Amino acid sequence: MTPPERVRALNSGPVRTDGEYVLHWMVAARRLAWSHALDHALEHADRLGKPLLIFEPLNVGYRWASDRLHRAILDGMLEHAAALAGTGIGYFPYLEPKPEACRGLLHALAVRACVLVTDDAPVFFTPRLLTAAARIETCRVEAVDGNGILPLARVDRTFVSAHQFRRVLQRVLPEVLGDRPAAKPPGSSRVAPFRGVASEIMERWPPASPEQLGDASTLADLPIDHSVVPNGWRGGHTAARRALDRFIEHGLPRYADERNHPDADVASGLSPWLHFGHVSAHEVFDAVAGAEGWTPLRLSTKTDGSRRGWWGMGDAAEAFLDQLVTWRELGFAFTTRVPDFDRYETLPAWARTTLEDHASDARPHVYTLDQFAAAETHDELWNAAQRQLVRDGTIHNYLRMLWGKKILEWTEHPREALDIMVELNNRYALDGRDPNSYSGIFWTLGRFDRGWPERAIYGKVRSMSSSATRRKVELDEYLGRYRA
Ligand SMILES: Cc1cc2nc3c(=O)[nH]c(=O)nc-3n(C[C@H](O)[C@H](O)[C@H](O)COP(=O)(O)OP(=O)(O)OC[C@H]3O[C@@H](n4cnc5c(N)ncnc54)[C@H](O)[C@@H]3O)c2cc1C
């Protein structure tokens, strides 16, 4: 059963026994396995003896909508259409042709539903969607938290450091690690067969055909940013699982020692699939635990927040889980507690004070948004990282920190640096617009960090230099790859 602490009723509507189906509105956990929301919808369908309809829309009216982001989401939708065909579970993929065209569709589907189950998520457009869904009166609307391994309902304070958060994880995770969503997609005859969406709905909001979902030309007519192009990266669970398996075999054994070296390229690269909900943290954790032959009996009883040794796994797996669980979920915890997480004012007071104290320090270089976007700085390493972002939709882990720190150094004011980082990260990065976009960007300005020896421009905020990075990490091949 779905852990009740992951389910949040958004309205006080009834679970109707006279509805036609259970409606699962898939907006964040876009996957058919390892999904608490899907499990919960299936539980309703079982109990009520009703079919399940999965409604997965892709709208055009959100900020930064582009060919790259649309392609990633459409890849997942195409897989869902194929996987659900013949299972008896209804699938309604909707591709919005112009802003606002989707308006009214959710309500029209909900009028016939016994209960509506959707995803809970703290960032980007999901909170707005949830507020709108809460206004539905015809049936109960529930949002299910499938964001991470720690249920967000257990977050009872705003954490200021990873260490503080790790201590809570070490106390709570042993109680919740067993609450895993179903690992396999629902097969045929799992629930009563779905008989079809009402014709008046299909006429007004025609569902996307598999051809539309798969065809490159589909994007050309949409009012989205066509300058941010797909880059060959594939969305969807199949590609995510392939990347996960490859990482477990080749990357994980070297992760502890080599993850900071761009030339080694041993990081998982999973963040975009995690972001689109195409793979879940539970599935990634399960793969790591399996590779380690791990059982919960190996968990340490110490809850002192230490980075190593608590899981009872090898060094590499512990280092990886510290990113996947501690750092990733810290972002979800923070954005859940602090709704204006994207505002400069939510930086810790010490960071704002010291940045302000140094706001009028002379900047040896200052660039505009367009210059940054075009990788036109004096620093070849920074430019290479920016080119990777534009071309591949990602930046190597370690260089992403340098990328952010230099924007802070090369803008007139930290507020401007923040705006530029958010714009570039969220426009180009496949994993952008995520709680961890804001963790990473705000980390460069002091969030989740401590004070360091005072320096020009940075004040007490940690600084980074390109020359030190060039000395510390291996990146000759990387620089060659992302040359102008
Ligand atoms: C300026 C800046 C911007 C960033 N923007 C984003 C973003 O838009 N989206 C995003 O998901 N992450 C962001 N990060 C965090 C981090 O850089 C990426 O999560 C990581 O590079 C993803 O690569 P990977 O999947 O190979 O990571 P791996 O090293 O394989 O780690 C596994 C997973 O752990 C999580 N993770 C790893 N490092 C971090 C971290 N530092 N903070 C939070 N979670 C982490 C990610 O989900 C990642 O997929 C940003 C960091 C900085 C400094």
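Remember, it's 1-based here, ligands and their atoms both numbered in the order they're listed. Note that the coordinates shown come from a computational prediction; the quantities given were computed from them, not determined experimentally.
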For the pair [X] and [Y], find out whether any cationic side-chain nitrogen is under 4.0 Å from an anionic carboxylate oxygen.
X	Y	value
Glu409	Lys405	no
Glu142	Arg8	no
Arg483	Glu380	no

Side-chain donor-acceptor pair present, [X], [Y], cut-off under 3.5 Å:
X	Y	answer
Glu454	His358	yes
Asn231	Tyr428	no
Asp392	Thr394	no

Suppose I only count heavy atoms of [X] and a 4.0 Å limit; which atoms of ligand 1 are within that range?
X	answer
Ser271	11 (O), 22 (C), 23 (O), 25 (O), 49 (O)
Asn425	3 (C), 4 (C), 5 (N), 7 (C), 8 (O)
Leu324	34 (O)
Phe320	30 (O), 31 (O), 32 (C)
Gly432	8 (O)
Met401	53 (C)
Ser268	24 (P), 25 (O), 26 (O), 28 (P), 30 (O), 32 (C)
Leu270	25 (O), 49 (O)

Nearest protein heavy atom with distance in Å, relative to [atom]:
atom	result
atom 52 (C) of ligand 1	Gly440 CA, 3.5 Å
atom 29 (O) of ligand 1	Tyr255 OH, 2.5 Å
atom 8 (O) of ligand 1	Ser437 OG, 2.7 Å
atom 9 (N) of ligand 1	Asp431 O, 2.9 Å

Do Phe55 and His24 come close enough that some side-chain heavy atom pair is under 4.5 Å? no
Report the member of [options] with the shortest heavy-atom distance to [atom].
atom	options	value
atom 1 (C) of ligand 1	Arg400, Arg433, Met464	Arg400
atom 37 (C) of ligand 1	His396, Gln323, Lys405, Arg328	Gln323
atom 13 (C) of ligand 1	Ile407, Asn436, Val288	Asn436
atom 24 (P) of ligand 1	Gly331, Ala243, Gly269, Ala429	Gly269
atom 23 (O) of ligand 1	Leu244, Val325, Asn397, Asn426	Asn397

Passing option when Phe448 is tested against Phe165, Phe159, Phe341, Phe334 for ring-ring contact (aromatic ring centres under 6.0 Å, His included): Phe334
Please tell me whether Trp34 and His278 form a close aromatic pair, meaning their ring centres lie under 6.0 Å apart. no
Can you spot which of Leu270, Val123, Asn436, Asp431 makes a side-chain contact (heavy atoms from CB on, under 4.5 Å) with His275? Asp431
Among Val155, Leu150, Ile149, find the residue that satisfies the side-chain contact (heavy atoms from CB on, under 4.5 Å) test when tested with Val172. Leu150
Measuring from non-hydrogen atoms of Ser439 to any atom of ligand 1, is the shortest distance under 4.0 Å? no
